[in-house]
Amino acid sequence: MKAYTSVTAIAHPNIALVKYWGKRDEHLILPMADSLSMTLNIFPTTTTVHLTPGRTTDRVLIDGTPADDEAHRRITEFLDLIRSRTGRRDRAQVETSNTVPVGAGLASSAAGFAALALAAATAYEADLDATALSRLARRGSGSACRSIFGGFVQWHAGQPDHPDPDRGSYAEQLNDIHLDLALIAVLLATGRKPVSSREAMNRTVTTSPLFTDWLATTRDDVPAMHAALKDADLARVGFIAERNAMGMHATMESATPPVIYRTPASHQLLEHVRAMRRRGEQTWATMDAGPNVKVLCPPAAAPRIAAELAAVSGRPTAIARPGPAAALTSESC
Ligand code: DP6
């Protein structure tokens with residue numbers, strides 16, 4: 001095997017159609033339930049891992065700026081995990097460039113840790129297949145495990161009594177889906193969210209009285225969503241996705257203290273999506289840990305629907321389709 005000193009990888013964000021919200025193990029990042037997502041073909045993150053033997057600390061640059069303490073700590077701990085598995089000690093310089101604002105609920109951490117997992121595993125010669133890479137990416141940020149794969153992806157939570165819980169929880173591409181689906185991201189706000197998704201998730205699990213019921217519904221939603229995708233039943237896909245996402249927000253909003261990501265602009269747009277549906281458009285909304293609204297619709301109608309959403313919100317939109325798996329773009333020795 002070649003010894004690389006510099007490796008670059010690209011990964012795309014994914015948006016869950018059935019959400020991951022709630023961990024059963026904070027350290028290993030094991031979720032309480034399966035989730036199911038679509039990897040996008042827009043907003044990629046590119047990450048270069050450059051090994052720097054002789055240095056005593058890692059250096060992390062995000063969009064050209066040194067990472068803040070929290071991001072630096074998460075990335076160093078992630079590299080430590082790979083170093084401990086490979087018996088390597090070299091520090092690294094990590095350079096990440098995003099095409100969307102970080103921390104705005106646009107899944108930048110999913111794309112970021114997927115790209116970092118692939119680039120760092122290659123640089124440190126960890127020799128992992130895609131399933132093992134998804135387990136590794138999960139340790140950086142749970143949803144990142146799904147961005148290792150393209151198209152539609154299921155993250156298996158793993159059995160609570162699995163003898164090796166880390167092994168039991170990984171992502172898998174769903175290869176039996178032929179639905180033509182578009183997702184329109186409406187960029188209502190691109191500032192950093194007030195509460196991180198990690199903190200919000202934990203607070204929801206520990207304090208929301210609605211959480212247990214949402215989780216039970218989510219466990220049913222994953223197989224129902226898979227069946228709807230296989231049947232190319234867009235109305236059913238949209239219905240389950242919207243109900244699951246609105247339910248997730250209800251759990252956060254009923255936490256103590258509440259986590260409110262939905263702004264008046266989010267609610268206005270959610271109502272507009274419902275109004276479009278009443279007049280016969282095929283539009284369903286989903287949202288993540290931020291104020292931005294994503295709209296599922298048929299690809300042929302996407303440009304027209306995106307133009308209407310841009311006009312109503314006065315904000316930019318971007319149309320996504322199912323996107324590719326994480327990939328290496330360059331390796332140098
Ligand atoms: C709302 O994967 O960012 O986007 O595992 O704590 O890093 P950590 O959380 P993260 O949470 C994503 C939550 C979500 C739903 C989803 O992507 O499934």
Side-chain angles (χ1 to χ4, degrees), residues 11-40 43 45 70-71 73-75 77-78 81 98 100 102-117 134-149 152-158 166 169-171 183 185 192-193 195-206 208 211 214-215 217-219 221-222 225 240-242 244-253 255 259-262 266 285-294:
H12 290 74
N14 71 79
I15 298 298
L17 304 177
V18 179
K19 305 293 182 189
Y20 147 55
W21 197 248
K23 297 179 182 66
R24 66 178 202 275
D25 185 317
E26 297 270 340
H27 175 64
L28 291 175
I29 310 202
L30 300 173
M32 289 181 164
D34 287 18
S35 54
L36 199 159
S37 61
M38 176 174 121
T39 299
L40 309 185
F43 300 154
T45 293
E70 170 65 9
R73 182 189 59 75
R74 270 176 79 171
I75 289 174
E77 283 179 10
F78 188 75
L81 188 65
N98 294 290
V100 279
V102 174
L106 292 163
S108 60
S109 74
F113 275 104
L116 179 62
S134 79
R135 288 188 195 101
L136 175 65
R138 190 197 82 227
R139 299 289 297 273
S141 186
S143 55
C145 71
R146 299 184 309 232
S147 277
I148 293 295
F149 295 98
F152 295 93
V153 181
Q154 183 166 341
W155 174 9
H156 300 281
D166 179 59
S169 186
Y170 57 88
L183 179 147
R192 261 195 183 271
K193 54 188 126 188
V195 184
S196 74
S197 54
R198 191 154 289 188
E199 156 66 17
M201 202 183 288
N202 181 280
R203 197 187 295 174
T204 303
V205 173
T206 49
S208 167
F211 182 70
W214 177 81
L215 188 66
T217 311
T218 293
R219 291 196 168 116
D221 281 350
V222 170
M225 175 62 78
I240 298 169
E242 185 170 298
N244 187 268
M246 297 305 113
M248 178 184 72
H249 279 270
T251 68
M252 315 175 187
E253 290 165 4
V259 180
I260 315 276
Y261 287 129
R262 295 191 281 196
S266 317
T286 183
M287 291 180 69
D288 293 287
N292 295 306
V293 174
K294 295 114 193 179

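Just so you know, ligand 1 is whichever comes first in the structure, and atom 1 is the first atom listed for that ligand.
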Select the closest option to atom 9 (O) of ligand 1 among K19, R198, M201, judged by heavy-atom distance. M201
Shortest protein heavy-atom distance from atom 7 (O) of ligand 1, along with the residue and atom involved: S141 OG, 2.7 Å
Ligand 1 atoms nearer than 4.0 angstrom to some heavy atom of W21 are 1 (C), 13 (C)
Give me the nearest non-hydrogen protein atom to atom 3 (O) of ligand 1 as residue plus atom name, then the distance to 0.1 Å. S197 OG, 3.2 Å
I want to know if ligand 1 touches N14 in the polar sense, i.e. an N/O pair below 3.5 angstrom. no
If you apply the rule side chain to side chain contact (heavy atoms under 4.5 Å, CB included), what do you find for M32 with V205, and how did you get there? CA-CA 10 Å; M32 289 181 164; V205 173; 3.6 Å; yes
Against heavy atoms of I29, which atoms of ligand 1 measure under 4.0 Å? 5 (O)
Is any N or O atom of G142, backbone or side chain, closer than 3.5 Å to an N or O atom of ligand 1? yes
May I ask you to list the atoms of ligand 1 that are less than 4.0 angstrom from any heavy atom of S109? 3 (O)
Is the shortest N/O to N/O distance between S143 and ligand 1 below 3.5 Å? yes
A16 heavy atoms, cut-off 4.0 Å: which ligand 1 atoms fall inside? 16 (C), 18 (O)
Check A11 against A114 and note the closest heavy-atom contact, atom names and distance. CB-CB, 3.7 Å
Side-chain (R24) to main-chain (A157) donor-acceptor, under 3.5 angstrom: yes
May I ask you to decide whether R73 forms a salt bridge with E70, counting only side-chain N to carboxylate O separations under 4.0 Å? yes
Judged by modelled atom types alone, do S35 and R146 share a side-chain donor-acceptor pair under 3.5 Å? yes
Among all the protein's non-hydrogen atoms, which is closest to atom 4 (O) of ligand 1, and how far away is it? D288 OD1, 3.3 Å
Applying side chain to side chain donor-acceptor pair (under 3.5 Å), can you list everything that pairs with D25, at least two apart in sequence or on another chain? none
Given R138, K23, R146, which one has a non-hydrogen atom that is nearest to atom 17 (O) of ligand 1? R146
Per-atom filter on ligand 1: closer than 4.0 angstrom to a heavy atom of A289 are 1 (C)
Starting from atom 15 (C) of ligand 1, what is the nearest protein heavy atom, named by residue and atom, and what distance separates them? Y20 O, 3.3 Å
Per-atom filter on ligand 1: closer than 4.0 angstrom to a heavy atom of R74 are 7 (O)
Kindly determine whether S143 and N14 satisfy side-chain hydrogen bond (donor to acceptor under 3.5 Å, both in side chains), including the steps that lead there. CA-CA 8 Å; S143 55; N14 71 79; 5.2 Å; no
Going by an N to O cut-off under 4.0 Å, is there a salt bridge joining K19 and D221? no
Run the ring-ring contact (aromatic ring centres under 6.0 Å, His included) test on Y170 and W155 for me, step by step, so that the C-alpha distance in whole Å, both residues' side-chain angles and the decisive distance to 0.1 Å come before the verdict. CA-CA 6 Å; Y170 57 88; W155 174 9; over 10 Å; no
Could you tell me whether E253 and R262 have a side-chain N and a carboxylate O separated by less than 4.0 Å? yes
